[in-house]
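Letters go in sequence order (proteins before strands), and every chain restarts at 1. Everything quoted here is computed from the prediction, not taken from an experiment.
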There are 2 protein chains.
Amino acid sequence: MDAKPTKTKFHFQISASSGVPIYRQIMDQIKIQIATQPWDPEQFLPSVRQIAEDLAINPMTVSKAYSLLEKEGVLEFDRGKGMRVKKISSSQKNFGERQKDVTPLLKEVIVKAHQLALKREDIFSLLEKLWREHPHEK
Amino acid sequence: MDAKPTKTKFHFQISASSGVPIYRQIMDQIKIQIATQPWDPEQFLPSVRQIAEDLAINPMTVSKAYSLLEKEGVLEFDRGKGMRVKKISSSQKNFGERQKDVTPLLKEVIVKAHQLALKREDIFSLLEKLWREHPHEK
DNA sequence: ATCTGTGTATTATTATTGTAATACACATGG
DNA sequence: CCATGTGTATTACAATAATAATACACAGAT
């Protein structure tokens with residue numbers, strides 16, 4: 001192998017004290033980074049050992065995050081190569097199914113809004129604002 | 001006490017196999033029922049022993065749900081009487097704080113939308129639709 | 001005071017979960 | 001074939017979480 005360091009777009013900041021399990025922090029950060037950065041379709045994510053070393057944790061913990069994300073359809077595994085971001089899953093599920101997937105989360109929003117005495121317009125404008133601020137490439 | 005059965009608006013359907021802890025199922029169902037039904041401000045929720053008997057579980061499990069909801073500001077406890085729905089918390093937190101409370105959930109929505117290749121308009125119209133279908137009293 | 005109704009603190013037990021150690025299977029390139 | 005690169009199955013262990021048993025404190029009515 002040549003000495004050129006793998007140009008790794010992904011990196012991680014783990015909080016041991018947050019109470020959130022490490023593998024889940026990794027999953028969340030990968031999802032967020034996928035959603036907020038442009039990525040090279042050919043680019044592999046850092047290897048489990050790479051991340052494990054960086055974070056001083058066990059490789060199996062990273063592996064758990066990776067395989068769960070693979071099961072979720074977010075990443076795909078190339079034998080002997082590594083993990084990379086799976087090309088968008090829009091083709092795999094039809095519109096109705098994807099709507100159905102996100103519905104529970106939206107219901108949660110409605111219940112929480114009620115709890116906090118926030119009106120529908122309040123939620124909509126906040127969501128609108130967050131979406132504008134959200135880095136989106138394409 | 002007279003024989004008139006406490007006209008209990010709340011009731012619960014617990015699934016032992018869902019993987020979700022019982023106390024959390026109770027919490028969620030209380031929140032949903034508060035959000036989707038009109039409630040009498042004077043009305044007490046069923047007692048811990050009542051619910052525990054109905055569901056054939058331990059009263060402490062119900063107590064856990066109740067005290068967590070109290071800590072969240074959803075219920076309030078009257079010594080010797082029982083729990084009831086706390087009058088809306090809008091006065092306790094200002095608008096900005098409540099916005100901040102709901103923000104993480106909305107960010108989750110955005111990330112998930114991206115994952116599912118759903119456009120902003122898709123999410124907005126779905127949320128709009130769910131909100132219309134959502135029973136709301138006042 | 002006593003009886004019966006609230007919810008709960010404390011403790012114990014059981015089940016589940018998060019992390020880690022080890023060894024392995026497969027792919028690639030020398 | 002062997003060295004080195006992927007991720008993972010298996011197993012073990014420690015920590016945490018969920019549930020339950022018991023006993024308690026307070027309120028209201030008798």
Side-chain angles (χ1 to χ4, degrees), chain A residues 1-6 8 10 12 14-28 30 42-86, chain B residues 1-6 8 10 12 14-28 30 42-86:
Chain A
M1 284 301 113
D2 62 1
K4 175 172 51 176
T6 309
T8 288
F10 291 86
F12 305 94
I14 294 314
S15 158
S17 61
S18 76
V20 182
I22 300 173
Y23 78 93
R24 194 151 283 282
Q25 295 186 45
I26 295 174
M27 289 178 69
D28 292 346
I30 289 176
E42 303 305 310
Q43 173 78 43
F44 288 95
L45 276 77
S47 76
V48 291
R49 287 171 184 80
Q50 175 72 57
I51 297 180
E53 190 183 0
D54 291 353
L55 304 179
I57 58 176
N58 191 285
M60 281 309 298
T61 301
V62 183
S63 170
K64 182 169 188 174
Y66 273 11
S67 41
L68 286 176
L69 287 174
E70 190 189 17
K71 199 175 296 179
E72 284 187 13
V74 175
L75 301 182
E76 65 187 348
F77 176 42
D78 266 22
R79 281 219 160 278
K81 302 275 193 58
M83 302 294 271
R84 54 183 160 189
V85 178
K86 193 169 178 179
Chain B
M1 285 300 112
D2 60 2
K4 177 172 55 178
T6 310
T8 288
F10 291 86
F12 305 94
I14 294 314
S15 158
S17 61
S18 77
V20 182
I22 299 173
Y23 78 93
R24 194 151 281 283
Q25 293 186 46
I26 294 174
M27 291 178 68
D28 291 346
I30 288 176
E42 302 306 312
Q43 172 79 43
F44 288 96
L45 277 75
S47 76
V48 292
R49 287 172 184 81
Q50 175 72 55
I51 297 180
E53 190 184 359
D54 290 355
L55 304 179
I57 58 175
N58 192 285
M60 281 308 298
T61 303
V62 183
S63 170
K64 182 169 187 175
Y66 273 11
S67 42
L68 286 175
L69 286 174
E70 189 189 17
K71 199 174 296 177
E72 284 186 14
V74 175
L75 301 181
E76 66 186 348
F77 176 42
D78 265 22
R79 281 221 160 277
K81 301 277 194 60
M83 304 295 271
R84 54 183 161 191
V85 178
K86 192 169 180 180

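- In this structure, of D:dT8, C:dT19, C:dG7, it is C:dT19 that holds the atom nearest to the side chain of A:T61.
- For A:S63, no side-chain nitrogen or oxygen approaches OP1 or OP2 of D:dG7 to under 4.0 Å.
- The CD1-C1' distance, from A:I14 to C:dG18, rounds to 14 Å in whole Å.
- Distance from the side chain of A:V48 is smallest for D:dT8 among the nucleotides D:dT8, D:dA21, C:dT8.
- Not a single donor-acceptor pair under 3.5 Å links the side chain of A:S63 to the backbone N or O of A:P59.
- Closest contact between the side chain of A:K64 and the listed nucleotides D:dT8, C:dG18, C:dG7 involves C:dG18.
- Remark: B:Y66 is not in phosphate contact with C:dG7, judged by side-chain N or O atoms under 4.0 Å from OP1 or OP2.
- With a 4.5 Å cut-off on side-chain heavy atoms, B:Q25 and B:Y23 do not count as touching.
- The listed nucleotides are C:dT19, D:dC26, D:dT22; the one nearest the side chain of B:M60 is D:dT22.
- Looking at the side chain of B:I22, the nearest of the listed nucleotides D:dG28, C:dT6, D:dT19 is D:dT19.
- Between the CG atom of A:L68 and the P atom of C:dT17 there is a distance of 12 Å, given to the nearest Å.
- In this structure, the nucleotide among C:dG7, D:dT6, D:dT8 sitting nearest to the side chain of A:S47 is D:dT6.
- With the nearest nucleotide of DNA chain D identified for both B:I57 and B:R49, B:I57 has the one nearer the 5' end.
- Computed from coordinates, the A:L55 CG to C:dA20 C1' distance equals 15 Å when rounded to whole Å.
- Out of C:dT19, D:dG28, C:dT8, the shortest distance to the side chain of B:E70 is found at C:dT8.
- For B:M83, the side-chain atoms get nearest to C:dG7 when compared with the rest of D:dA20, C:dT19, C:dG7.
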